[in-house]
Amino acid sequence: MPELPEVELAARQLRAGLSGRAVSVVWATQGPPLRCPTDELVAFEGQSVLEVHRVGKQLAITFTGDVGLLLHLGMSGRIRSTGAGASMAFPLPHERLRLELVDGSHVSLHDVRRLGRVRVVRGGSVFETPEWRRLGQDALELTETPELFRERLCRDRRPIKVALLDQSLVAGIGNIYASEGLHQAGIHPRQSTRKLQSGALCRLAVAVGEAMKATLTHEPGAEITYLSEHPKSTNPFLVYAREGQPCFACEATIERFVQAGRSTFMCPRCQPFGEESTEALRS
DNA sequence: GATAGACCAAC
DNA sequence: GTTGGTCTATC
Ligand SMILES: [Zn+2]
């Protein structure tokens, strides 16, 4: 369930299902997404959940007893929370991790592709781990601090789409919101980041932040529905996965190409290469 | 910088 | 062949 909005919803699910409760047993499948021996999971038994944190797509849960859990959903992870008594078959399909609580309820991580990451942190804060320290500013803050974003990116030599996906610059932008944000800001994805004007970068910061917030406020359920599981193959995006279809703003045909191994979608008319987004001011 | 592949499973 | 993630190696 990558990208920030989905992970934020996952964080809320974790808080709702875990906050203040005591753990009885922790179960996990051997191997990915678990990145440590299953034995280490006993560290949580008898401990209570303190807080659930999120920066970008990275989740961290702190417990009493100075233990923590780092959680990354990868490409296909999702959180399921089940109340007491409602227990069914176990384990459910693709269930990889389950925290059983003393009140009889449980919270699970399901991860079909096993590209997620789960790791126990002992003898130190989850916030001191490389996974956490590596992350840049959370993308939800972009709307309030576009200047910080500009400051962070303006010397980057990579194409802007590639820089957007770098979690150490801004944490939380994934393949969809990179394309969506660039379209909203009218910037060509192959544009060199450092050649972009300040105004263009700030516009982009706001566009990405707004797009994510819109998804969070419009998403009715507790979970995001993926494109592949949309009822009538309805696509809520402006350019993402719309290759060959007309741009909503100008009718030009949406193009697709690959950057850094990922699909990029853009409108050739709304997002021209060069042009005003990189031109220096004339004196 | 830009690839290509690795990790994974499913459509 | 594709997929909303990330890491490594290599030109
Ligand atoms: Zn257009």
Side-chain angles (χ1 to χ4, degrees), chain A residues 1-11 28-36 54-59 70-79 91-97 109-119 129-136 139-140 153 155-183 189-196 208 211-212 214-216 218-219 223-230 233-244 256-265:
Chain A
M1 347 168 118
E3 304 232 23
L4 188 148
E6 294 86 331
V7 182
E8 172 57 22
L9 292 185
T29 52
Q30 188 73 248
L34 189 68
R35 309 292 165 144
C36 63
R54 178 195 62 76
V55 168
K57 306 166 196 167
Q58 181 69 56
L59 292 162
L70 283 172
L71 217 55
H72 195 294
L73 301 175
M75 289 279 267
S76 57
R78 48 199 343 161
I79 300 297
L92 292 171
H94 310 304
E95 188 171 7
R96 313 294 189 198
L97 171 76
L109 168 69
H110 295 250
D111 185 5
V112 178
R113 293 175 61 185
R114 315 181 79 131
L115 291 171
R117 280 154 198 270
V118 179
R119 183 167 83 79
T129 57
E131 290 95 323
W132 200 268
R133 303 198 77 149
R134 201 163 40 212
L135 299 170
L140 272 191
L153 297 216
R155 267 167 239 96
D156 200 291
R157 308 175 91 82
R158 295 170 293 183
I160 183 61
K161 159 86 179 328
V162 179
L164 282 179
L165 294 176
D166 185 340
Q167 305 297 300
S168 70
L169 295 176
V170 176
I173 304 175
N175 204 36
I176 291 185
Y177 291 95
S179 280
E180 294 291 296
L182 286 165
H183 178 258
R190 284 206 246 254
Q191 209 77 255
S192 165
T193 304
R194 64 173 184 156
K195 289 181 184 164
L196 287 171
V208 172
M212 288 182 166
T215 299
L216 272 176
H218 294 153
E219 195 65 31
E223 262 184 67
I224 297 278
T225 26
Y226 283 70
L227 277 186
S228 55
E229 46 199 32
H230 259 88
S233 73
T234 45
N235 180 345
F237 304 114
L238 298 173
V239 291
Y240 184 80
R242 296 195 63 242
E243 181 187 16
R256 171 190 177 271
F257 52 92
V258 173
Q259 286 180 288
R262 320 285 311 271
S263 289
T264 297
F265 299 89

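FYI, side chains are in, hydrogens and waters are out, and symmetry mates aren't considered; it's all heavy atoms of this structure. Within every chain, numbering begins at 1; the chains are lettered A, B, ... in the order of the sequence lines, protein sequences first and strands thereafter.
Closest approach of Pro5(A) and Thr215(A) over heavy atoms only: CB-CG2, 4.0 Å.
dA9(B) atom C1' lies 14 Å from atom CZ of Arg78(A), rounded to whole Å. One interatomic measurement links the two molecules: CG of Leu73(A) to C1' of dC8(B), which rounds to 15 Å at whole-angstrom precision. For Arg113(A) and dT2(C), the CZ to C1' distance is 9 Å, given to the nearest whole Å. Here the P atom of nucleotide dG5(C) and the OH atom of Tyr177(A) are 11 Å apart, to the nearest Å. Remark: P of dC11(B) and CG of Leu227(A) are 16 Å apart, rounded to the nearest angstrom. Following rounding to the nearest Å, Leu115(A) (CG) and dG5(C) (P) show an atom-to-atom distance of 11 Å. Residue His110(A) contributes atom NE2, which lies 17 Å from atom C1' of dA10(B) at whole-angstrom precision. Here the C1' atom of nucleotide dA4(B) and the CD atom of Gln259(A) are 16 Å apart, to the nearest Å.
In this structure, Leu182(A) and Val208(A) have side chains that are not in contact, with every pair of non-hydrogen atoms separated by 4.5 Å or more. Ile173(A) is listed as a side-chain neighbour of Met212(A), based on a closest heavy-atom distance under 4.5 Å. In this structure the side chain of Glu131(A) never reaches within 4.5 angstrom of the side chain of Arg117(A), judged on heavy atoms.
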Dot-bracket for DNA chain B, 5' to 3', Watson-Crick and G-U pairs with both distances under 3.5 Å, [ ] for crossing pairs, | for partner on another strand, reads |||||||.|||
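Here dA10(B) is the nucleotide among dT3(C), dC8(B), dA10(B) with the atom lying nearest to any side-chain atom of His94(A). With dC8(B), dA2(B), dT2(C) as the candidates, the nucleotide lying closest to the side chain of Arg256(A) is dT2(C).
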So which protein N/O to nucleotides 6-8 of chain C N/O distances come out below 3.5 Å?
unit_1 : atom_1 : unit_2    : atom_2 : d
dT6(C) : OP1    : His72(A)  : NE2    : 3.0
dT6(C) : OP2    : Lys57(A)  : NZ     : 2.7
dT6(C) : OP2    : Gln167(A) : NE2    : 3.4
dC7(C) : OP1    : Arg134(A) : NH2    : 2.9

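Residue Ser263(A) has a polar side-chain atom (N or O) positioned under 4.0 Å from OP1 or OP2 of dT3(C).
Take Arg133(A) and apply the salt bridge (Lys or Arg N to Asp or Glu O under 4.0 Å) test, not counting sequence neighbours, and it matches Glu128(A).
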